[in-house]
Each structure stands twice: as C-alpha cells, then as structure tokens.
Amino acid sequence: MEKIQMTTPIVEMDGDEMTRILWQMIKDELILPYVDLKTEYYDLGLEYRNETDDQVTVDSAEATKKYGVAVKCATITPNAARMDEYDLKKMWLSPNGTIRAILDGTVFRAPILVKGIEPYVSNWTKPITIARHAYGDVYKGVEMKIPGEGKAELVYTDASGNETRETIHDFTGAGIIQGMHNTEESIANFAKSCFNYALETKQDLWFATKDTISKKYDHTFKDIFQDVFDAEYKTKFDETGIEYFYTLIDDAVARVVRSEGGYIWACKNYDGDVMSDMVATAYGSLSMMTSVLVSPDGNYEYEAAHGTVQRHYYKHLKGEETSTNPIATIFAWTGAMRKRGSLDDIPELCDFADKLERACIKTIENGEMTGDLYLISTLENKKKLNTEDFIKAIKNTLDNE
C-alpha cells in the first residue's frame, strides 16, 4: 500500500517512562507503515529537559505556534523524589503548564466510549467534554504561613505608586493565606477557545463558577464570557443551533449527573482539573480520555489525559510483562493527524485517523483489551492482552477493516 503523504510537519513532543515506550510502539506498528510521517521532533523526556534547562519545552511550544498542530506524550513533573532519581539541576515546572502558558490555550477533555465499558452514571450515553482554563488561579498562587497575631492585606500598587489595600484577615493566631490571580486577556481567550470549539464540534456550551460567593473574581469570568458571547458568537450559535448558558457550579454538577451528556462543560483551572478526573473515572477509565489544548488563535496540541504509568515502566525495566492501555495516546496521534489533514486539505490523512480510531474501538468491543479495561468490561467473551499484543491486535483489525 502506498503511504499517505504529508506536506506540513506535526510537532512531536516525546515523553517519559511507559508512555515513551508506548509512543514508539504506536509509531512503529500503527502509523509509519501507513503514513509518510513528517514531524518536527522535541524530546521532552526529563533527562533532556534537565540537560537543556527546560529550553526544549519552550522550543516545542514555539514550534506549535509556528506549525499549528502538535502531539505530546505524557511527561514527568518532578517532585523531591524525582530530583534524586534523575539527579536534576532543579525541580523543573510541569511541561504541560509551560506549554499551556505559552499558547494561552484551553484544555478540552472527552471520554472515548466503547460497548462493554459502562459509565457509572447509567444515563450518560454521550460524551461530556470538560473545557479547562489552563492559566492562573491556584496554579499561579502565592502562599504564606502566618506565624501569629497580625493583619494580612492585599496590596495593589499602580504604575504611579498609588496603593489600594483590602484586609484579608486580622489574625489572632497562626494561619495561612494564599493570593491568586488571573488576567482579563487570558479569560477572554479562554472564552473564545470554548466558543470556537463548541461551534467546531456543534455542541452546547455550559460555563459554571461560584460568582455568588466570589463576587469579583468569579464574577469577572462570568461577565467576560457573556460579553464575548454577545459581541462575537451569539449569532453564530443561533445559526448553528447550539446553546450557551451560565450557571453556578453546584447547579452544574447536579445538571451533569442528571444529563445524558453530549455537551461541553467549561470550568476554571482547578475546577476543570478535578471535574475532568471525575468525568473520566465515571465513564470508566482515565486511559480512555482524550485531551487537546486549543489556543484562541487556532493552535492545537493533542495528548493523553493520563500520566506516564510509572509502575508499569518499572515492571518493563525488569523485563516483566505489562498490560498498559495505549488508547488515549493513539487518539492523541489520530487527533493531530486529523487536524493536520484538515488544515492541509489531505482527506486521506483524516480518513486514516478515523479508520485507526474505529480499529481501536472495534478491537476492544471484540473482546481484546488491556488489563485495566478487562477488570471493568461487561463483555462475556473477553481476553486480557499484554501491551505489545494489544497494539498488534489493533493493527490486525486495522488491516482487515
């Protein structure tokens, strides 16, 4: 079979541990035999990030802005234990956080639905996409331990040196405080990314915060979303036949549990972090969750929603058999190839991405799956495969489709 030709490269961000092993398996078995793959490669493995003082992460994000489409493997965000394990110069920041800040994007996460993996919420028959703002709030928070009695204040000093103060708390004993921020520009970009993605996928968009309690911080999010919608998107939404509405986050949770799915739920940074894991788990498995970072100016970075699968990697290093689920990582590649094909008008590349995704789902629904899915599948005739055999089973399904 003649390989599908590409014109513009995809930015390829390699990663760490077991997902790095999966990354190469997926390319060798499921992509390179069919596609004349063009990528601009960046090694985001922790060793090379350390060697380059994390410049490689910045370079990969800038390349994404240049080419418009990237695909990323899961990476390690180091803690104290990783400092010793990898002999790091410093505790480098999360690569995802660095990339999200440079692209000022919004993360959209949605479950991959297959027969036999039943959601814990029985009425969820359609996927729920979580849109997570990827800048600021507690992730850029500044914290302080208060040793004893005293007054804590918020102080803003303008360019002329004038101060504005608000009392946080008059402490009578020890405590803690945290200051967090966001910017109106980033919030507006968050809103635009959400509205654009809703139009692209033809799904209703919900946005939820707690503006009744946070009357300035959260209310600013609510106001900016409404202003952007009214000025730029209301007519487009009406023409497309989709809806945007705002509600309190506690009301949103109640609506979500009662719903059948099939919409985008936009959340602030921390809310989206928590709710995306909740949704993924409720649908069955975090390894069956897609993730795409979308910037307001139309750049896309696809990745799996899970981590580097450290426990399986240590087993792999010992020569022991693993049964690691590669589906979300495969779907990161298919998402990137489909977007690249769409932007470059290569329908064959889009069709191949669709075909590979169908092969993944069909293989599982035929009863061939990794250990995580085997434990929760309701299929009667199911078989647990190791990592390599599962990828080969997908290839067999792909070749016989």
Side-chain angles (χ1 to χ4, degrees), residues 1-49 56 60 63-64 67-76 95 99 112 287-288 290-292 300-309 312-313 316-317 322-341 344 346 348-361 363-364 370 385-399 401:
M1 188 184 83
E2 187 177 344
K3 290 186 179 183
I4 298 166
Q5 299 298 305
M6 293 177 59
T7 54
T8 311
I10 293 170
V11 177
E12 178 184 353
M13 307 173 185
D14 209 345
D16 287 300
E17 297 187 319
M18 196 64 205
T19 44
R20 189 181 181 97
I21 305 299
L22 292 176
W23 195 258
Q24 194 61 49
M25 286 184 183
I26 291 164
K27 288 173 62 178
D28 290 344
E29 295 288 337
L30 300 177
I31 299 175
L32 292 175
Y34 312 95
V35 179
D36 185 18
L37 187 64
K38 287 182 170 58
T39 70
E40 184 162 305
Y41 178 86
Y42 293 86
D43 185 357
L44 266 58
L46 186 52
E47 294 97 333
Y48 194 64
R49 278 185 275 144
V56 65
S60 70
T64 304
Y67 292 110
V69 181
V71 59
K72 181 182 174 295
C73 184
T75 48
I76 294 169
I99 293 165
I112 302 162
S287 60
M288 298 290 286
T290 64
S291 182
V292 55
Y300 292 75
E301 182 249 306
Y302 296 82
E303 61 182 337
H306 58 72
T308 59
V309 202
H312 284 198
Y313 180 61
H316 172 79
L317 290 179
T322 65
S323 185
T324 314
N325 191 336
I327 294 294
T329 304
I330 295 171
F331 272 59
W333 273 105
T334 55
M337 288 189 290
R338 186 184 297 107
K339 178 54 68 174
R340 187 77 275 163
D344 294 351
I346 307 174
E348 299 85 359
L349 191 58
C350 299
D351 292 343
F352 173 74
D354 293 342
K355 186 177 179 182
L356 179 51
E357 289 183 1
R358 288 197 301 269
C360 291
I361 292 170
T363 301
I364 297 169
T370 47
L385 301 179
N386 64 35
T387 306
E388 189 172 356
D389 287 347
F390 180 60
I391 290 176
K392 288 181 177 178
I394 295 171
K395 179 176 173 58
N396 184 61
T397 305
L398 180 65
D399 289 339
E401 188 178 89

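Heads up: numbering here begins at 1 and tracks the sequence.
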Within the 4.5 Å heavy-atom criterion, are [X] and [Y] side-chain neighbours or not?
X: V292; Y: F331; answer: no
X: I394; Y: I327; answer: yes
X: W333; Y: W23; answer: yes
X: R340; Y: I346; answer: no
X: D16; Y: R49; answer: yes
X: Y302; Y: K339; answer: yes
X: R20; Y: D43; answer: yes
X: L44; Y: I99; answer: yes

So which atom in [X] and which in [Y] form the shortest heavy-atom distance, rounded to 0.1 Å?
X: F390; Y: L385; result: CA-CD1, 3.8 Å
X: G15; Y: C73; result: N-CB, 3.3 Å
X: A336; Y: A70; result: CB-O, 4.0 Å
X: K72; Y: P95; result: CE-CB, 4.3 Å
X: A305; Y: T290; result: CB-O, 4.4 Å
X: I26; Y: I391; result: CG1-CD1, 4.4 Å

Please tell me whether E357 and T334 have a donor and an acceptor in their side chains that are separated by less than 3.5 angstrom.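 Yes.
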Closer than 3.5 angstrom, by distance alone: can the side chain of K3 be matched with the main-chain N or O of L32 as a donor-acceptor pair? yes
May I ask you to decide if T322's main-chain N or O and T387's side chain share a donor-acceptor pair within less than 3.5 Å?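 Side chain of T387 to backbone of T322: a pair is present.
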Atom [atom1] of [X] and atom [atom2] of [Y]: how far apart are they, to the nearest 0.5 Å?
X: D344; Y: C350; atom1: CG; atom2: SG; result: 9.0 Å
X: I10; Y: L37; atom1: CD1; atom2: CG; result: 6.0 Å
X: T397; Y: I361; atom1: OG1; atom2: CD1; result: 11.5 Å
X: N325; Y: I364; atom1: CG; atom2: CD1; result: 6.0 Å
X: H316; Y: T324; atom1: NE2; atom2: OG1; result: 9.5 Å
X: I4; Y: M337; atom1: CD1; atom2: CE; result: 8.0 Å

Once side chain to side chain donor-acceptor pair (under 3.5 Å) is applied, do any residues pair with E17, and if so which ones, sequence neighbours excluded?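 Side chain to side chain donor-acceptor pair (under 3.5 Å) check on E17 returns R82, T308.
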Would you call K395 and D399 a salt bridge, taking side-chain N to carboxylate O under 4.0 Å as the test? yes
Just grab all the salt bridge (charged side-chain N to carboxylate O under 4.0 Å, His left out) pairs involving residues 24-33, residues at least two apart or on different chains.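 Applying salt bridge (charged side-chain N to carboxylate O under 4.0 Å, His left out) to every pair that reaches into residues 24-33, excluding sequence neighbours, yields E12-K27.
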Sequence-distant partners of Y313, ring-ring contact (aromatic ring centres under 6.0 Å, His included), two or more places apart: none
